[in-house]
Visitor: 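Once you've had a glance at the structure underneath, I'll fire off some questions.
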There are 2 protein chains.
Amino acid sequence: MGASKTHIFSTTHNELAQIAKVLAHPARVAILEYISRQENCICNDLVDVIGLAQPTISQHLNEIKKIGLLKGTFEGKNLCYCINQERWEELQHSFNAFFTNINYNCC
Amino acid sequence: MGASKTHIFSTTHNELAQIAKVLAHPARVAILEYISRQENCICNDLVDVIGLAQPTISQHLNEIKKIGLLKGTFEGKNLCYCINQERWEELQHSFNAFFTNINYNCC
DNA sequence: TATTATTATCGTAATATTGCAATATAAAAT
DNA sequence: ATTTTATATTGCAATATTACGATAATAATA
């Protein structure tokens, strides 16, 4: 078929996978890092910095937004994207919990 | 086009994305968790537990193997998959570094 | 109001992923 | 040697993702 059978998996597993999917593209990793480093939060140079077309950047931003990682406000004529700190820490904890819960019983 | 332009991104960003991609499917998250919980490391019931066809499970295992997360040895007639502890901790550190390096300058 | 600058959406093509039936392979048991 | 049991590979169909040109929407500026 081709579509993921999400309904046969637990909510926890689906949620972790969904978050990982957002980080599963180098452009989105780069975008997150870049936004976090901008002091003034003016992000209209993302297109130049990343090197993808403007509609593509917009799509990637939308994927990041979907899991609640971005807050956007207006500052003059430019849209200002910032990282949602609370959500970011939430995701960090989810990942960390997953990583630390794995134990190594054999081999 | 459709293919990711990996060449325009840094090695760090590409590697993190590649790892995230493996975790970006609930079946693979579930598989990793299940394997880690099996004391005797006999994993031939993965097909029943996860609920996907045997070739599909095999493919997912292969994706996990590709990033070095699995060690496999034989025990009797059954193939025994275990988590590669060193690699696992390596990935945990990569993710943690990424998460903690992000700062929140604005908004 | 017209222009300019910036971001969003639409439409579409190329590529990747997911899933499984059929089949192959490998090792143990009969 | 043949059967059984478990995993891997192949081939293919369905769906998802990635990317961008064209265009729309939005807001500041002239």
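By convention in this document, chain letters (A, B, ...) are assigned in the order of the sequence lines, proteins followed by strands, and residues within each chain are numbered from 1.
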Visitor: Test His13(B) against every option in Arg28(A), His25(A), Glu33(A) by the side chain to side chain donor-acceptor pair (under 3.5 Å) rule and name the one that passes.
Guide: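 Exactly one pass, corresponding to Glu33(A).
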
Visitor: Rounded to whole angstrom units, what separation is found between the NZ atom of Lys65(A) and the P atom of dT9(C)?
Guide: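 Whole-Å distance recorded here is 7 Å.
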
Visitor: Could you check whether Leu52(B) gets within reach of a base, just the sugar-phosphate, or nothing at all, counting any heavy atom under 4.0 Å?
Guide: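 Sugar-phosphate only.
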
Visitor: Roughly how many Å is it from CG in Leu23(A) to P in dT17(D), rounded to a whole number?
Guide: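 After rounding, the reported distance stands at 15 Å.
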
Visitor: In whole angstrom, give the distance that lies between atom CD1 of Ile57(A) and atom C1' of dG21(D).
Guide: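 That distance rounds to 16 Å.
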
Visitor: Distance check needed: dC20(D) C1' versus Ile8(B) CD1, whole Å only.
Guide: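 So the CD1-C1' distance, Ile8(B) to dC20(D), works out to 13 Å.
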
Visitor: Return the value, rounded to whole Å, for the distance between atom CG of Leu61(B) and atom C1' of dT18(C).
Guide: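 These atoms are roughly 15 Å apart.
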
Visitor: Using side chain to side chain donor-acceptor pair (under 3.5 Å) as the criterion, point out the one residue from Lys66(B), Gln59(B), His60(B) that pairs with Glu63(B).
Guide: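 Answer to the side chain to side chain donor-acceptor pair (under 3.5 Å) test with Glu63(B) among Lys66(B), Gln59(B), His60(B): Lys66(B).
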
Visitor: Rounding to a whole Å, what distance do you find between Gln59(A):CD and dG11(C):C1'?
Guide: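 Checked: the CD to C1' distance equals 11 Å.
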
Visitor: Would you tell me if any nitrogen or oxygen in the side chain of Tyr81(B) comes within less than 4.0 Å of OP1 or OP2 on dA6(D)?
Guide: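 No, no such contact exists.
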
Visitor: For Thr56(A) and for Thr6(A), find the nucleotide of DNA chain C with the closest heavy atom, then tell me which residue's nucleotide is more 5'.
Guide: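 Going by which nucleotide is closer to the 5' end, it is Thr56(A).
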
Visitor: Quick check: Trp88(B) with Phe95(B) (ring centres under 6.0 Å apart)?
Guide: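 Judged by ring-centre distance (under 6.0 Å), Phe95(B) and Trp88(B) do not meet the cut-off.
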
Visitor: Can you check the His7(A) NE2 to dG19(C) P distance for me, whole Å?
Guide: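 Spelled out: NE2 on His7(A) to P on dG19(C) is 10 Å.
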
Visitor: Would you say the side-chain atoms of Thr56(A) pair up with the backbone N or O of Leu52(A), donor to acceptor, closer than 3.5 Å?
Guide: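 Checking the backbone N and O of Leu52(A) against the side chain of Thr56(A), no donor-acceptor pair under 3.5 Å is found.
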
Visitor: With a cut-off of less than 4.0 Å, is there a side-chain N or O of His60(B) near OP1 or OP2 of dT17(C)?
Guide: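 The answer is no; no side-chain N or O of His60(B) sits under 4.0 Å from OP1 or OP2.
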
Visitor: How long is the line joining CG of Asn62(B) and C1' of dG19(C), in whole Å?
Guide: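 Answer to the nearest Å: 15 Å.
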
Visitor: Please confirm whether the shortest side-chain N or O distance from His25(B) to OP1 or OP2 of dG19(C) is below 4.0 Å.
Guide: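 For His25(B), the contact criterion (side-chain N or O under 4.0 Å from OP1 or OP2 of dG19(C)) is met.
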
Visitor: Arg28(B) has a side chain; which of dC20(D), dT18(C), dA16(C) sits nearest to it?
Guide: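 Looking only at side-chain atoms, Arg28(B) lies closest to dT18(C).
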
Visitor: Choose from dT18(D), dA22(D), dC20(C) the nucleotide whose nearest atom is closest to any side-chain atom of Pro55(A).
Guide: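 Closest of the options to the side chain of Pro55(A): dA22(D).
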
Visitor: Would you say the base of dA6(D) and the side-chain of Gln54(B) have a donor-acceptor pair closer than 3.5 Å?
Guide: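 A donor-acceptor contact between them is absent.
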
Visitor: Between atom CG of Leu61(B) and atom CD1 of Ile31(B), what is the distance when rounded to the nearest 0.5 Å?
Guide: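 One finds 5.0 Å between CG of Leu61(B) and CD1 of Ile31(B).
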
Visitor: Looking only at side-chain atoms of Lys21(B), point me to the closest of dT17(D), dT9(D), dT17(C).
Guide: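 The answer is dT17(C), which lies nearest to the side chain.
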
